[in-house]
Amino acid sequence: MAETITLSVARYRPEIEPEPAFQDYRVPYRKDWVVLDALNYIKDNLDGSLSFRWSCRMGVCGSCGMMVNGTPKLTCAAFLSDYLPGPIRVEPLQYFPVVRDLVVDISDFLRKLHKVKPWIEREEEKPLAEGEYRQTPEQLDRYKQFSMCINCLLCYAACPIYGLEGSFVGPAAIALAQRYNLDSRDQGSRDRMETLSEQGGMWECTFVGECTKVCPKKVDPAGAIQQYKVATATQWFKSLLMPWGSK
Amino acid sequence: MTGQNRHTPYHPRWYRRRVSVWWWLQSWPYAKFVLRELTSLFVAYYALVTLWKLRALAAGPQAYAGFLERMRSPLLIVLNSVALIFVLFHSITWFNLAPKAMVVRLAGRRLPDWAVQSANYLAWAIVSGVIVWVLRRG
Amino acid sequence: MRKGITPLLWALFSAGGTVAALFYPIHLFLTGVAFPLGWVNPPRHETVLHWLRQPLFKIYFFVLISLPLFHWAHRFRYTLYDGLQIKHLTVLIVVLCYGSALLGTCLAAYTLWSIH
Ligand code: SF4
Ligand code: FES
């Protein structure tokens, strides 16, 4: 089968070029191939110097996110057949500094994620003898959606506010904060609310809503942030009306 | 930041792109977002028209007639029609996004988005109906 | 715990957005299009005055003007930030936006108060 498709791939080799440039590759077109398969074909057969990240090939590890024709996508879930007849433009995730070719540096995100304490915070741990923290299916249901995040950062690459405002904590991290806030075992919501009320927190968000559209796991970070704003505003009025009863 | 320091193996030189001032023309969803945000201008415009109308009313029958006369100018009719389109766009986007911010739980389960949206649209219809009714009743 | 009034401004933005979404299209259609084109007869002066003497209508019109103005102030402030990338002018923008909304609110209150 002589059918082929062209991939226009952004190359950036800091020791060679001062800024990224596109390089075209012709790869065989196969109906069951995803963009990641095509990239691996390039790496194995055409140009071993091409750098990109991937691992699971099944939408779980979250490492293969790239811009495909200008939209953030998991390349292991982006079928070539959806981009016929090509060429397909493949670029590193937008708004992140590019290390090389399709590899971006995500340490900014990791730093911000840590700030929101994405773990169960307890004022006091229950003694072991009392057993585990139990949860009803209903309690689980409250935060389950937000716990599906795989840190693929497609939502960051979709968020113009993250691009414009470097201090913005960003969609996934706020959704994860909300994931723990809504967990019946957690007691750290006050802490997180304070962190996210600061500059760079939830109020930077203007509900563009693109993060939710690109999320491969239906986490709905945009919803999480708006719900967080509602909760924070409610708290604000409560503490205004009942300054003594600060819970 | 690029171009200034040379690449060496132990000091990698990352490439950072500045976001263009025209970022909102980059894609249709971004443009739609900016249009949605700009509806606020027309909301403010109508708030001012209402204020103007109230001041005319307070000033007496003649001023009120003057106000109605001014609204009949073709220029204002065109402006008002444009404003109406934007305000409608505001209403629709507002109601469609409402369920994202407002989580309604009934019997332990989250109400689906369409239910919250329908409730909003229903309220919109009722409000508009009541306003027309009050006006008709005189 | 909650420093600053951002949550309040956001609450005003939301309330104003809801008021505008529910009430503005029909009002704008009537006042801006249907009355001028003669599709519907505008209410007479005495009628409206009669309405506006009732506290309920006063409150209604006050809300109808004030909250959407704050909605505009908040939304437009961020449009200026993001659209034009002029965040360094924060103080000026904040004073202009919320200041105008406050001014409009006071004017509305004064006007409604003076009608009896
Ligand atoms: S919220 Fe969705 S898009 Fe964002 S990092 Fe998590 S899984 Fe990826
Ligand atoms: S390779 Fe793991 S998510 Fe795509």
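In what follows, chains are A, B, ... by sequence order, proteins preceding strands, each numbered from 1.
- Contact of A/I161 with chain C is made through the side chain alone, with heavy-atom distances under 4.5 Å.
- For A/Q226 against C/W10, the heavy-atom pair with the smallest separation is O-CH2, 4.4 Å.
- For the pair C/D82 and A/L164, the tightest heavy-atom approach, listed with the atom from each and the gap, is O-CD1, 3.7 Å.
- Within a 6.0 Å radius of NZ in A/K126, more than 12 heavy atoms belonging to other residues, nucleotides or ligands are found.
- Proximity to chain A among residues 48-57 of chain C is not found for any residue, judged by heavy-atom separations below 4.5 angstrom.
- For A/W119, the CH2 atom is densely surrounded, since the number of other residues' heavy atoms within 6.0 Å is greater than 12.
- Atoms OG1 and CD, on C/T6 and A/E198 in that order, are 11.5 Å from each other to the nearest 0.5 Å.
- Summarising the local packing, NZ of A/K229 is surrounded by more than 12 heavy atoms from other residues, nucleotides or ligands at distances under 6.0 Å.
- Shown here is A/R122, whose CZ atom has more than 12 heavy atoms of other residues, nucleotides or ligands within 6.0 Å.
- Residues A/W203 and C/P7 meet the side-chain proximity criterion, which asks for heavy atoms closer than 4.5 Å.
- Atom OG1 of A/T206 and atom CZ of C/R77 lie 11.5 Å apart (nearest 0.5 Å).
- Other residues, nucleotides and ligands contribute only 12 or fewer heavy atoms inside 6.0 Å of the OH atom of C/Y110.
- The shortest non-hydrogen separation linking C/G4 to A/W236 is O-NE1, 3.2 Å.
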